[in-house]
Each structure stands twice: as C-alpha cells, then as structure tokens.
Number of protein chains: 2
Amino acid sequence: MSCHKLLQTAMRERGFRMTRQRRLVLDAMHKFRHPATAAEILHSVCASDPRADITTVYRTLNFLEGFGLISAYGAGNASRRFEHNGGDGSPHLICRQCGKTSEIAQTGFKNAVANAGRTNGYDVQLSSVVIPGLCPACQRKRTKNKS
Amino acid sequence: MSCHKLLQTAMRERGFRMTRQRRLVLDAMHKFRHPATAAEILHSVCASDPRADITTVYRTLNFLEGFGLISAYGAGNASRRFEHNGGDGSPHLICRQCGKTSEIAQTGFKNAVANAGRTNGYDVQLSSVVIPGLCPACQRKRTKNKS
DNA sequence: CTCCTTATTGCAATATATTGCAATAAGGAG
DNA sequence: CTCCTTATTGCAATATATTGCAATAAGGAG
C-alpha cells in the first residue's frame with residue numbers, strides 16, 4: 001500500500017519503525033466505521049496474525065494516537081474507543097455505560113461547538129468532540145433496576 | 001449539614017438513599033480543590049471509616065456523577081479524576097496540552113448539546129461535557145516550536 | 001547478503017475499574 | 001418502636017489497561 005510506504009518514511013524520519021503489527025492495527029482500523037475498542041481491534045488483527053497480543057494493540061494505539069493518526073475516546077464506565085482520523089470529522093455521543101457511539105449530524109451542533117471554541121479562543125478539532133451520556137438502552141436498564 | 005438533608009430529600013424522591021458512605025465521599029470531595037482520583041478519595045474517606053472499600057467509592061462516584069453532583073474527567077492514560085460541581089453544571093473547554101479549563105457560558109451551546117442528546121435518545125449530563133482543544137497560550141507555543 | 005544497534009514485541013506481573021451476589025441497612029408502613 | 005421491602009455495601013472474581021524485561025526483528029552500515 002502506498003499509504004503505508006509514505007507513513008513508513010514519516011516514521012523513520014522520527015526514529016520509529018513500521019512494523020508488521022502496526023500495519024495490521026492500521027488495516028484493522030480502516031475496516032471499522034465506528035470507533036472500535038481495543039478488543040475489537042485485536043480480534044480483527046488476529047484474523048491475519050493469531051499470535052497478536054492485546055498489549056501490543058494497546059501500545060500501538062497509544063503510539064498512533066501520539067503520532068496523530070487516530071483519536072481515542074474515553075467515557076465513564078465504557079472501554080476507550082479508537083478511531084482512524086481523516087474521515088468525516090463528526091462529533092459523537094458516547095454512552096458512558098456501554099460505550100455505544102452515535103454520530104451527531106446536526107449542523108447546528110457543529111456550529112455551536114465551533115462558536116464556543118472561537119469565543120473562548122480555543123482551537124477545537126471537531127472530530128475529537130465526544131459528548132458522554134446514557135444511550136436509550138442503558139436508560140431503560142437503569143429504570144428497570146430501580147423498580 | 002443542611003445541604004445533606006436537602007440532598008437526601010432529592011434522592012428519596014428519585015428512589016435513592018442517602019447513606020453514610022455517600023455522605024463520606026461527598027465530604028471528602030469538598031476537601032479537594034482539584035479533581036481527585038478514586039484512590040485519593042478512598043484515602044480521605046478511610047480517615048472517618050477505615051472499613052471503606054474502593055468498590056463503594058467507585059460506585060458512589062459513578063452514582064454522584066449520574067446525579068449531576070460531580071464531574072468525571074477521563075484524561076488519556078491517567079486515572080480518571082472526580083470533582084465536585086460548583087452547582088452551575090456548565091460544560092467546559094479543556095486544553096489538551098496544558099489542561100486549562102474554561103467554562104462555556106453560551107446558552108446556545110447548552111441548547112445544542114441538549115438537542116443533540118435528545119435527537120439521538122441520549123441522556124446527557126451537561127456538567128460532564130468537556131470539549132478538548134488548544135487554549136490560546138498553547139496555540140502560540142505550538143507556532144513558536146514549529147519554526 | 002551479514003553484522004550490529006536498538007526500537008518493538010510478547011509474556012507475566014501489576015494497576016485501575018467494574019460486576020455478581022449474599023449480607024446489611026435506609027426508610028416507609030403499621 | 002417493629003416489621004418489611006429493597007437499595008446499597010463489601011467481598012471476591014473479573015474486565016480493562018499499563019509496565020518491566022528478555023527475546024525478537026527493523027533497518028542502517030559494511
């Protein structure tokens with residue numbers, strides 16, 4: 001893949017190495033349309049390399065995040081989720097209980113975020129905006145447990 | 001404490017109970033000026049009740065967050081931190097570089113968040129909304145470093 | 001290609017956080 | 001106050017994420 005070659009060059013220039021595992025994690029992330037958990041990514045990587053290890057997945061994800069290639073979302077109880085950058089750049093809602101994410105498509109919301117950032121002088125990346133909440137399913141569970 | 005009594009009433013109305021442990025956790029959080037980790041809060045609670053358990057601290061913190069009394073900040077690799085709400089329940093901008101926070105006062109933004117949540121069926125706690133970005137100072141630093 | 005340096009991996013140990021479930025206790029009813 | 005329902009607790013087990021370190025392999029030098 002040409003994109004891997006370009007990336008490899010960029011990494012080398014900074015003293016990093018493009019390894020088989022990093023390629024596999026990147027490939028796996030391209031397959032997911034929604035932010036994925038480390039476990040999901042591991043599962044996908046295992047299809048190509050059964051020896052893949054969760055430790056390496058976590059380290060690779062943290063590395064790629066620092067390198068600016070992916071974004072990480074954390075919310076409450078849910079596991080962290082990772083998403084490949086460069087897509088639509090839409091903000092998301094994330095359930096702090098089960099980790100389910102939903103894209104926020106409303107232009108009004110995007111404008112409000114941009115405006116809030118501008119007003120306070122902050123440079124905000126819309127794609128990294130994650131609003132924590134409780135998804136419909138988890139709201140029902142909570143109500144049920146209470147009764 | 002009168003504030004505990006008021007809170008107790010509010011909880012009862014929703015079918016929850018004001019317990020010794022919840023009181024202790026709330027008291028502990030009032031002592032911290034900066035967001036505290038669960039371990040720090042446990043340590044503080046243990047001063048009053050050596051039998052306190054980290055499980056209960058976590059559950060209480062999550063409960064209080066859902067109740068809107070405290071906010072939880074998940075910051076990348078670091079442990080989550082919890083902070084007592086000033087009562088306003090405003091969303092914040094947070095600098096991903098230096099951690100500086102700024103309150104988002106605009107009603108338009110709050111409405112947009114509420115609307116995005118409602119449209120997707122999510123129950124969103126406005127006080128736990130944190131928008132990551134780069135504060136003005138860090139934007140200047142970044143420009144300087146780049147050259 | 002072979003040799004060499006050292007970034008990266010994979011395992012095991014550890015840290016951080018949540019869940020299942022029996023025991024406890026909050027608080028309403030009498 | 002006593003009785004009763006059930007929310008909450010505390011323990012143990014489990015899930016999620018990171019760290020230490022020896023083994024491996026990326027990739028530059030010859």
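Below, chain A is the first sequence line, B the second, and so on; all start at residue 1. If you're wondering where the values come from, they're calculated on a predicted model, not measured in any experiment.
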Round to a whole Å and report the spacing from [atom1] of [X] to [atom2] of [N].
| X | N | atom1 | atom2 | answer |
| --- | --- | --- | --- | --- |
| Leu61(A) | dT18(D) | CG | C1' | 13 Å |
| Glu65(A) | dA17(D) | CD | P | 13 Å |
| Arg22(B) | dT8(D) | CZ | C1' | 6 Å |
| Asp49(B) | dT9(D) | CG | P | 11 Å |
| Asn62(B) | dT16(C) | CG | C1' | 13 Å |
| Tyr58(B) | dA15(D) | OH | P | 18 Å |

Looking at Lys31(B) and Glu40(B), is there a salt bridge between them, counting it only when a charged N and a carboxylate O are closer than 4.0 Å? no
Using the ring-ring contact (aromatic ring centres under 6.0 Å, His included) criterion, which residues pair with [X]? Sequence neighbours excluded.
| X | value |
| --- | --- |
| His30(B) | His84(B) |
| Phe63(A) | Phe16(A), Phe67(A) |
| Tyr58(A) | none |

Quick one: list whatever passes side chain to side chain donor-acceptor pair (under 3.5 Å) with Glu83(B), sequence neighbours left out. Tyr73(B)
Going by side chain to side chain donor-acceptor pair (under 3.5 Å), name the residues that satisfy it together with Ser71(A), two or more places apart in sequence or in a different chain. Asn85(A)
Non-neighbouring partners of Arg118(A) that pass side-chain contact (heavy atoms from CB on, under 4.5 Å), sequence neighbours left out: Ala114(A), Asn115(A)
Residues passing the side-chain contact (heavy atoms from CB on, under 4.5 Å) test with Thr19(B), sequence neighbours excluded, are Arg17(B), Gln21(B), Arg22(B)
Gap separating the CG atom of Leu24(B) from the OG atom of Ser44(B), nearest 0.5 angstrom: 9.0 Å
Taking atom CD1 of Ile131(A) and atom OG1 of Thr101(A), what is their separation to the nearest 0.5 Å? 13.0 Å
Summarise how protein sits on nucleotides 20-30 of chain D as a single string, 5' to 3': B when a protein heavy atom is under 4.0 Å from the base, S for sugar-phosphate-only contact, - for no contact. BB---BBSS--
Could you note down all residue pairs passing salt bridge (Lys or Arg N to Asp or Glu O under 4.0 Å) where residues 48-63 of chain B supplies at least one of them, sequence neighbours left out? Arg20(B)-Asp49(B)
What stems involve DNA chain C, if each pair must be Watson-Crick or G-U and both of its distances must be under 3.5 Å, with 3 or more such pairs in a row? C:1-30 with D:1-30
Note: contacts of residues 36-45 of chain A with DNA chain D (heavy atom, under 4.0 Å) are none
